Peer 1: 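What follows is a single structure, and I will ask about it in a moment.
Model, not experiment: these values are computed from the prediction. In what follows, residues are counted from 1 in the order of the sequence shown.
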Amino acid sequence: SKFWANYFRVYDVLNLLIPYQELLDTICDELGIKKGEKILEAGCGTGNLAIKIKERGGDVIGLDNCKEALEIYKKKDPNAKTVLADLREKLPFPDNYFDKIASNNTLYIIPKEKQLDTLKEFYRILKPGGKIIIANPREKSKIYKIYTVGVKSNFKKEGVISTFKKLFRFLPETIKIFYYNHLLNKECLFLSEEELNELLKTAGFKKLSNEKLVYANQNILLSAEKIL
């Protein structure tokens, strides 16, 4: 859609924020990537997480339904494996195909009535013993808190002058991402930890982890496994 094409044109401004980088690193840590494992990033956007998974040795496929986002990803990594597909539909992979699946800031934008179907598809394409990591905004999450923590972290790391130069340089993109996230927050249904746990269980997943708060405490991260 036009919304997502516009959103992903400015999305990578988040790479400047330390909490965003920490979020991606935490997801990779939780995946416990072993060299050569087949890993799906479901809702990969512009490929930031997929690139980190690849750097750690994963054989990653990035799936998204926004062509423009995948084009940005391919500019960063011309050898990226990408699939244009919709997570609301049956996924174009055979049963028991992936060792691991990661999904970051994606499930909450899928309509509520389709979320269970999406998780059942993840279960189908995951190998027995395979692991899924989901990071999703918690209820009433606020993007401005992520920016506040990010700016404070940058002050400590790079100093005030360098941080303000960076903020000023990317001000137009920052304003746009705030605006698009404001629109998303009005449209999307955020899941509580209990709701996400229940959906994963109903889809067949076991060994659910305790929630971990990530992304300046604005996201819930959960892991679960496919055990037959």
Side-chain angles (χ1 to χ4, degrees), residues 4 7 14 17 19-20 22-33 39-45 48-49 53 63-65 86-91 96 98-150 180-228:
W4 289 112
Y7 179 81
L14 292 175
L17 294 177
Y20 179 71
E22 289 173 344
L23 168 66
L24 302 187
D25 286 333
T26 302
I27 293 169
C28 288
D29 291 344
E30 292 286 326
L31 281 170
I33 302 157
I39 300 175
L40 174 69
E41 196 204 337
C44 68
N48 297 321
L49 176 57
I53 292 170
L63 178 149
D64 208 280
N65 70 341
D86 192 333
L87 289 172
R88 295 169 296 183
E89 309 295 336
K90 186 174 167 66
L91 299 176
N96 308 319
F98 289 100
D99 295 292
K100 286 162 185 172
I101 296 172
S103 182
N104 178 38
N105 286 332
T106 298
L107 191 64
Y108 81 109
I109 62 174
I110 293 170
K112 197 139 189 149
E113 66 275 10
K114 287 278 187 182
Q115 287 172 347
L116 180 58
D117 291 340
T118 299
L119 289 174
K120 282 180 176 175
E121 273 297 280
F122 290 163
Y123 186 86
R124 178 184 69 78
I125 64 176
L126 196 59
K127 290 177 184 175
K131 189 176 192 181
I132 184 168
I133 306 291
I134 292 181
N136 214 49
R138 60 198 295 214
E139 291 172 294
K140 296 176 183 165
S141 103
K142 300 277 189 289
I143 194 166
Y144 77 83
K145 290 188 179 175
I146 297 161
Y147 271 86
T148 305
V149 172
Y180 294 140
N181 274 282
H182 169 70
L183 295 179
L184 276 178
N185 283 359
K186 281 167 62 176
E187 292 292 320
C188 295
L189 293 165
F190 295 91
L191 293 164
S192 67
E193 183 205 355
E194 292 76 21
E195 287 171 319
L196 186 49
N197 261 305
E198 197 53 45
L199 279 171
L200 284 162
K201 281 182 195 165
T202 308
F205 289 100
K206 306 268 195 328
K207 284 184 77 171
L208 275 65
S209 70
N210 292 325
E211 75 158 27
K212 185 179 275 192
L213 291 179
V214 290
Y215 209 15
N217 293 336
Q218 299 309 298
N219 277 31
I220 297 167
L221 185 145
L222 282 173
S223 71
E225 293 178 30
K226 176 177 177 173
I227 299 171
L228 296 180

Peer 1: At what distance, to the nearest 0.5 angstrom, does CD1 of I132 lie from CD of E30?
Peer 2: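 Output value for this atom pair is 13.0 Å.
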Peer 1: Minimum heavy-atom separation for A42 and S103, please, with both atom names.
Peer 2: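 Closest approach of A42 to S103, heavy atoms only: O-OG, 3.3 Å.
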Peer 1: Are the charged groups of K112 and E195 less than 4.0 angstrom apart, N to O?
Peer 2: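 Result for this pair is yes, salt bridge flagged.
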Peer 1: Consider side chain to side chain contact (heavy atoms under 4.5 Å, CB included). Of D25, N104, L31, which one does L49 pass it with?
Peer 2: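 Result for side chain to side chain contact (heavy atoms under 4.5 Å, CB included) with L49: N104.
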Peer 1: How many angstroms lie between atom CD1 of I110 and atom CG of N65, to the nearest 0.5 angstrom?
Peer 2: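 Those atoms lie 9.0 Å apart.
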Peer 1: Side-chain contact, heavy-atom cut-off 4.5 Å: N181 with L184?
Peer 2: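 In contact.
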Peer 1: Walk me through whether L63 and L91 qualify under side-chain contact (heavy atoms from CB on, under 4.5 Å).
Peer 2: CA-CA 10 Å; L63 178 149; L91 299 176; 4.2 Å; yes
Peer 1: Out of curiosity, Y215 OH to L17 CG, how far, rounded to the nearest 0.5 Å?
Peer 2: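 Output value for this atom pair is 6.5 Å.
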Peer 1: Which atom names give the shortest non-hydrogen contact between K100 and G32, and what distance separates them?
Peer 2: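 Here K100 and G32 meet closest at NZ-O, 2.7 Å.
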Peer 1: For residues N105 and P137, determine if any side-chain heavy atom of one lies less than 4.5 Å from a side-chain heavy atom of the other.
Peer 2: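 In contact.
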Peer 1: Verify, without hydrogens or angle tests, whether D64 (side chain) and G45 (backbone) share a donor-acceptor contact under 3.5 angstrom.
Peer 2: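 Yes: the side chain of D64 pairs with the backbone of G45.
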Peer 1: Given side-chain contact (heavy atoms from CB on, under 4.5 Å), test L24 with N48 step by step and report yes or no.
Peer 2: CA-CA 8 Å; L24 302 187; N48 297 321; 3.8 Å; yes
Peer 1: Assess whether side-chain contact (heavy atoms from CB on, under 4.5 Å) is satisfied between K206 and E225, documenting all intermediate values.
Peer 2: CA-CA 5 Å; K206 306 268 195 328; E225 293 178 30; 5.7 Å; no
Peer 1: Taking all atoms of both residues into account, what is the closest heavy-atom pair of A135 and L23, and its distance?
Peer 2: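 So the minimum-distance heavy-atom pair works out to CB-CD1, 4.2 Å.
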Peer 1: Are K226 and L228 side-chain neighbours, meaning at least one heavy-atom pair lies under 4.5 Å?
Peer 2: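 A side-chain contact under 4.5 Å exists here.
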Peer 1: Between I220 and E193, what is the shortest heavy-atom contact and its length?
Peer 2: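 Closest approach of I220 to E193: CD1-N, 3.7 Å.
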Peer 1: What distance separates I133 CD1 from K212 NZ, expressed to the nearest 0.5 Å?
Peer 2: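 Nearest 0.5 Å value for the CD1-NZ distance: 9.0 Å.
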Peer 1: In terms of the angle between their ring planes, are Y123 and F205 parallel, tilted or perpendicular, with boundaries placed at 30° and 60°?
Peer 2: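 Answer is perpendicular, since the angle exceeds 60°.
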Peer 1: Could you go through F122 and L87, starting from their C-alpha distance and side-chain angles, then the distance that decides it, and tell me whether this counts as side-chain contact (heavy atoms from CB on, under 4.5 Å)?
Peer 2: CA-CA 9 Å; F122 290 163; L87 289 172; 3.8 Å; yes
Peer 1: When rounded to the nearest 0.5 angstrom, what distance separates CG in L222 from CD1 in I134?
Peer 2: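 It is 7.5 Å, given to the nearest 0.5 Å.
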Peer 1: Heavy-atom distance under 4.5 Å between the side chains of I53 and I27, does that happen here?
Peer 2: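 Result no, sub-4.5 Å side-chain heavy-atom pair not found.
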Peer 1: With rounding to the nearest 0.5 Å, note down the distance linking CG in D99 to NZ in K127.
Peer 2: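 Here the interatomic distance stands at 3.5 Å.
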Peer 1: Testing V214, L196, L191, N217 for side chain to side chain contact (heavy atoms under 4.5 Å, CB included) with R138, which one passes?
Peer 2: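 So the option named by the test is N217.
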